[in-house]
Structure formats: structure tokens, C-alpha cells
Amino acid sequence: MNVAVAVAVAVGLATAAVVACTSFRRYWTGLPAAWGFPPGPMSDPTSVPLLTDALGTLSDTRAFELEASRQYGDFHTHYFLGVNVGTSTAAGVARVAALEAAGAVRGEFFATWLPVFGEQQLFALTGARHAAVRAAVAAPLAADGGRLRPLLPLLAARIGAELDGWVRAGTADSEGMEAVPPLRVLTVALLTGVLFGRQWDDALCRRLLGTLERMGEAFLTLVPLDAPGTTMRVAKAAAVEVRTLVAAEIDLFVDKQTAAAVAAAGGRGARAPRRSSSPLRGSPLSASLPLTAEQEASVLHQLLGLRTDGRPSLPREQIVENMSMFLYHGLETLSTLLAAVTMYASEAGSDAVAAAAAAAAAAAARAAAAGADPVATQPSPLRQPLLNFSVAPRLRCELAAARLLPPPPPPAFGAAGALDGLPYADAVIAEALRTCCPLMGNSRLVVAPCTVGGWALPAGTRLTVNYAAACFDAAAWRDPFAFVPERHLGGEAAAGAGAPAAPAAATAAGSRARTCPVAHGDGAPDGGGGPGAAAPAAACPPHHDGATRGGGTAARVPPHRGCAFGMPARGCVAATLAPLVAKVYLVVLLGRYTPRLTTVPRMSNALPFYRPRFRLWLASAAAARRGPVKRRAA
């Protein structure tokens, strides 16, 4: 009897579950039509509700969104983290940017993030408040980094010291070093140099790096799954630590300014300087010492010096929160960019790496020629970036022509125009930002009824924008998965005026194409062609000149802007700083060392950021003259 009852109950529960799931599926897949939304991946009634979107997004958001855009056009409906209308094409991004400029959509910052990142930072503000704070925060970073020029010698010296330290620590052995961790430490050192105008020691940079990483865990925390609140508590404590650090630096600057004013007034009104309470800092600098030229050029000093009607443009709380966010987002964006330009400016460290890179490029080319999806090939070009070993020698050609090879001493970087006239380096950085776009995307909230792709969206609709997928939109970029810096050289011929001569086409595996007579002291030409190298520039005419990236089809967008730094109205305020720092890094890296890949790079899909991962071997200039070393891949 008991068995029969149990079986009956089990059958009843199973039947109820099937009926509930079927009803829910019909309801869920009918939402787009019921709400007037466009179709999307969940429109197929045979699919499992939520599972398709969730698994597709977690496995590789870019691949999932590219497939959705192929099937449904510029806009489609998906259900990850709620019902959204999303876009992953350049035309869709341009449309959302136009709606934002018209005031039909606004930025969205989830309330669960506010306790960690604060309510006064740019991401949380909207409307006129956002515009006012953005104008003040962006001012020290304006004019393509012109105000920050005195800081470039400081950054160049730190980059050189870090590279030398990697080699002294034994990271130039046959297996090479994991490139991303030391680059993230270097990024923290560069960001604090820009913000505060002084160099921190390695231990403090590593400690701040760990603090920022704990702070960032809030971005991936789903509150229902963090029932004990452990992750959010750790993130909040980390945010307090970072804010305390920034506040201590502000106190130091104010004390120095006060001491200077007292000294100018003949010592009247002197008071004892405050001591820092930051748990991240060692002994603070003496407040009695004057500000250095680097500190006067720092972002913090410029923010504190901004005045409107005799009053500070921003209250202290807003400066603290926005500088904390600058550190966090700058860490992710700049470290990803430095890793990308290192990867693309490297030579193959072994025949195995060169052969694997050539095989991946050939597989993607065959798929494209056959009309198949290159993303579906093995390996996927989204998972294994397509390399171009002709980039490094061409960069050296340009640096040598500009008399930046070997690199000048650090003080020379502060001279006006010291880094001008490097169009190919700019193009490499722009292409690295495209192929390794650090930001997956973000969302906008519709605040006034609007139309996208022919679909009328009511107020309250969430629009998600996938920048990382839009960077590979085949409608905007010819050969979107290939690394072709020439596409950013404008509408001119790829090897036109001002650009270095195009390298020869790739030769057989293991060979070393002689492309440019760049002397390393003894007149020996530098190599760098070989498997995976791009075809001559004339064979790769530019298809996309920046017209459709983020700003519509009418206006040209500077090559460093676009998806990597968001849309214009709420774009990154440091959009000119990151490429400038990356250019300094390239000059120092290629002038002092020859980087070589000892493993085939892979893209890590650590949401919400993408970054390449690879092992690196650094050869000194003297070793580079002897040619590549045949090393086995790790």
C-alpha cells in the first residue's frame, strides 16, 4: 500500500512538473511577441527556458552574441539576468549611442553594486549630475594626455625597471613567464603614478592589486547565491581600504599645499601635518616637502586645483569614489591592453608556437572561404587569437625611423612631440583594443519610448550592448578575426605616405623573413616574419575606417575610441590615457628586449572581462642579434 501511494505521488509530482515546465516555456518564449520585442535565441519553443542563454553566455558571450546577431539581426531578445533586448553589431551600438545622445536611454548601474563602488562615482550618476562630474573628472585627462606629459618620464622609468626586474627574477628562462600577473602589478604601478605622481614600491602595488581584485568580485556576485553575504562583505571591506588610501593621498596633497601657502606667508598660521591612516601605505612623505613636478602634474593635484567661483569643482567624497573607480576599471582595461600589445608585438619563441599560430590562421581562412563560421572552427579564433608575426619588425622599423630605437632616457619622454609620428604603433594599439576588447559590455535603460531595428520599445526596457562581440562584426570589419593594424590607417593605402614599408609575405615554417634593416648596434637586420605573418599590406585593403564605431555612420571616430571605451556619452574618461601609456610601454619594451611567445596564447573568458593569457620569454638586445632560439613550447 505504501509503495503504491509513493508511486502515485511520484507520478503526480512528475506530471505536475511537466505541465508547469510546458506552461512556463510557452509563456517565456511568447514574451517577445507579447511585449513587441524582436525574436531571439529563446524564440524556439523547443529550447529550454533560460538554459540556452545562461550556458551560452557563460561559455563565451562573444560567440553566443555573434551567432544571435547572424540569426536575428542587429537587435534580439535574450533572457540572461532578466528579459533584455540586446545588440552585438556595430550598427546596433551606433543606434544605441544615438538614442543615448537623444536622451531616450540612460546608463544603468545595479543597486547591489552601490555599497561597494559608491553613489557618487560616474557609473551611478545620470543626467545633468553625470555630465557635470564627468566634465570635471575628464579635465585632467583631456587633450590626448597633454597635461600628463610631465608624468611620462616617471612611467617610462617604472616600465624599464619592471622589465629588468622580470629578467633578474629568472622569468627569461626557457619556459618563459606567465605574462598577465606581472603586467597587472605593473599596471597598478602606472595607475598610481598617474593619479598621485610618485612611484610606489612593489609590495604596495601587489597589496593594492589584491585589494582591487577583491573589490571587483562584487561585479560577478548574484545576491541570491551569496546568501551568507561573504563575497559582498569582502568586496565592501576592500572598497573601504581603497577609499582610505585615496583619502590619505588627498590629505597629503592638502598638507603640502597648506605648507607651501604658509611658507609663502612667512610662516604664519603653521600647523602640524596630518599622518596617513591608510593600511596600504608605508611611511608617508613628509608634508613639509614641496610637491614635485610629477605630483603637480598628477590627476589628484589637478582635481584638487580645479576651482569654480573660488570653490572646489568636486566635493571630497566624489573625488575619492571616482579615483577608486579609476583604479579598479583602469586596472582591468590597461592590463588587458598591455597584455594584448605584448602578445601581438612578440615573435614566435619556438617552431611549435609558429606552427600552431599558422594552423589556426589557415583554419579560420578556410572556414571563411567556405562560407562557414570561423568561430565554429577548432580552435576558435575567439579562444585562440590569430597572431601576425610581421607586426614586431614593422614596429621596430617605425621606432628606428623616429629615433626611438634604442629608447631614449626616461626624461626624453616628457618632451613635446616625443611620441608623435608613430601611426603604425597607434594602429597596433587600436587593433589590440578591437581584438582584445577588455569590456564584455554593459546595459542601458530605456527612459522614453523608442524604436530599434523596427521594434518599438517601451520605457523601462533594458538594452544590453555587447562591445566585445561588436568588435568582430563582419559587416563592419573585413576579416574581423585577423589582426591587421593597417585597417586603422584611414582610407589611405595601407602602405601609404608616413607608414613604414610593408613586410614580405610569410614564408615556410621556421624561416625568418628579412623585412627591414633595423640595426641593433652591429647593423644586423631584425627578423620577425614567419608562420602566421600577414600578407603584404597591399593585399589587405582597409575595409573599416572607424566610421561606424560607436558614433554612427557620419562621423569618423579616432582609432583608439570605439567599443573598447564605451559609447561617447558615458565613455571612459581615460580613453586617451590608456593608448598613450601603451605607446610608452611599447617603445621601452621593444627597445630593451625582444619578447617571444613560448606558448600559444588563449583568451580567458573571466566575465565580465576578456584578456589573453600566454607565457613570455624576454631576450635582451644582444641576444636578439643572434636570432631566434629554438625553444620547445610549454
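Everything numeric in this text was worked out from a predicted model, so none of it was measured.
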Of all heavy-atom pairs linking G349 and R596, the shortest is CA-CB, 3.8 Å
Distance (rounded to the nearest 0.5 Å) between T333 OG1 and L331 CG: 8.5 Å
Tell me, please, which residues at least two apart from A156 pass side-chain contact (heavy atoms from CB on, under 4.5 Å). P410, F413, V584, V588
Which residues satisfy the side-chain hydrogen bond (donor to acceptor under 3.5 Å, both in side chains) test with T342, sequence neighbours excluded? Y585
In chain order, what residues pass the side-chain hydrogen bond (donor to acceptor under 3.5 Å, both in side chains) check against D473, with sequence neighbours excluded? none
Between CG on residue L586 and CG on residue L399, distance to nearest 0.5 Å: 7.5 Å
If the plane angle is over 60° it's perpendicular, under 30° parallel, otherwise tilted; pick one for H488 and W477. tilted
Which heavy atom in A297 sits nearest to a heavy atom in L148, and how many Å separate them? O-CD2, 3.6 Å
With sequence neighbours excluded, what pairs up with R206 under the salt bridge (charged side-chain N to carboxylate O under 4.0 Å, His left out) test? D202
On a heavy-atom basis, the closest approach of G197 and L151 is CA-CD2, 3.9 Å
Got Y424 and V391 here, is their nearest side-chain heavy-atom distance under 4.5 Å? yes
Any carboxylate oxygen within less than 4.0 angstrom of a Lys/Arg side-chain nitrogen, looking at E398 and R394? no
My understanding is that only residues two or more places apart in sequence, or in another chain, count here; which of them pass ring pair (Phe, Tyr, Trp, His ring centres under 6.0 Å) with F117? F219, Y328
Partners meeting side-chain contact (heavy atoms from CB on, under 4.5 Å) with D201 (sequence neighbours left out): A203, L204
What one should report as the nearest heavy-atom pair of A476 and A90 is CB-CB, 3.7 Å
Distance (rounded to the nearest 0.5 Å) between L618 CG and L589 CG: 7.0 Å
Counting C-beta onward and ignoring hydrogens, is there a side-chain heavy-atom pair between L327 and L212 closer than 4.5 Å? yes
Here the gap from D164 atom CG to I159 atom CD1, rounded to the nearest 0.5 Å, amounts to 12.0 Å
Side chain to side chain, S324 and Q121, heavy atoms closer than 4.5 Å: no
Separation of L183 CG from E178 CD (nearest 0.5 Å): 10.0 Å
How would you list all residue pairs meeting salt bridge (charged side-chain N to carboxylate O under 4.0 Å, His left out) that involve residues 326-341, not counting sequence neighbours? R184-E332, E332-R611
Main-chain N/O of D479 paired to R487 side chain as donor or acceptor, under 3.5 Å: yes
Student check: side-chain heavy atoms of Y467 and C437 closer than 4.5 Å: yes
So is R602 actually on top of F614's ring, under 6.0 Å and inside 45° of the axis? no
Checking side-chain contact (heavy atoms from CB on, under 4.5 Å) between L404 and each of P407, P406, P408, which is the one that passes? P408
On a heavy-atom basis, which atom in P140 and which in A136 lie closest, and how many Å separate them? CD-O, 3.4 Å
So, E294 and R198, do they make that salt bridge, N to O below 4.0 Å? no
Can you check whether L154 reaches R158 side chain to side chain, under 4.5 Å on heavy atoms? no
So, using salt bridge (charged side-chain N to carboxylate O under 4.0 Å, His left out) as the criterion, who are the partners of R95 when residues are at least two apart? none
Non-neighbouring partners of A582 that pass side-chain contact (heavy atoms from CB on, under 4.5 Å), sequence neighbours left out: L337, L338, I429
Does the side chain of F565 come within less than 4.5 Å of P579's, by heavy atoms? yes
Taking the side chain as everything from C-beta on, heavy atoms only, tell me whether R570 gets closer than 4.5 Å to R444. yes
Set of side-chain contact (heavy atoms from CB on, under 4.5 Å) partners for A574, sequence neighbours left out: L141, F326, C572, L577
P601 to L387 - nearest heavy-atom pair and separation: CD-CD1, 3.9 Å
Between R434 and A564, is there a donor-acceptor pair closer than 3.5 Å when you use the side chain of the first and the backbone of the second? no
Is Q295 reaching over with its side chain to a backbone N or O of T292, donor-acceptor style, under 3.5 angstrom? yes
Please examine the side chains of P182 and L186, heavy atoms only from C-beta on, and report whether any two atoms are closer than 4.5 Å. no
Residues in side-chain hydrogen bond (donor to acceptor under 3.5 Å, both in side chains) with S346, at least two apart? none
For F481, what residues pass the ring pair (Phe, Tyr, Trp, His ring centres under 6.0 Å) criterion, not counting sequence neighbours? F472
Say you draw a straight line from CG of L616 to CE of M343; how long is it, rounded to the nearest 0.5 Å? 11.5 Å
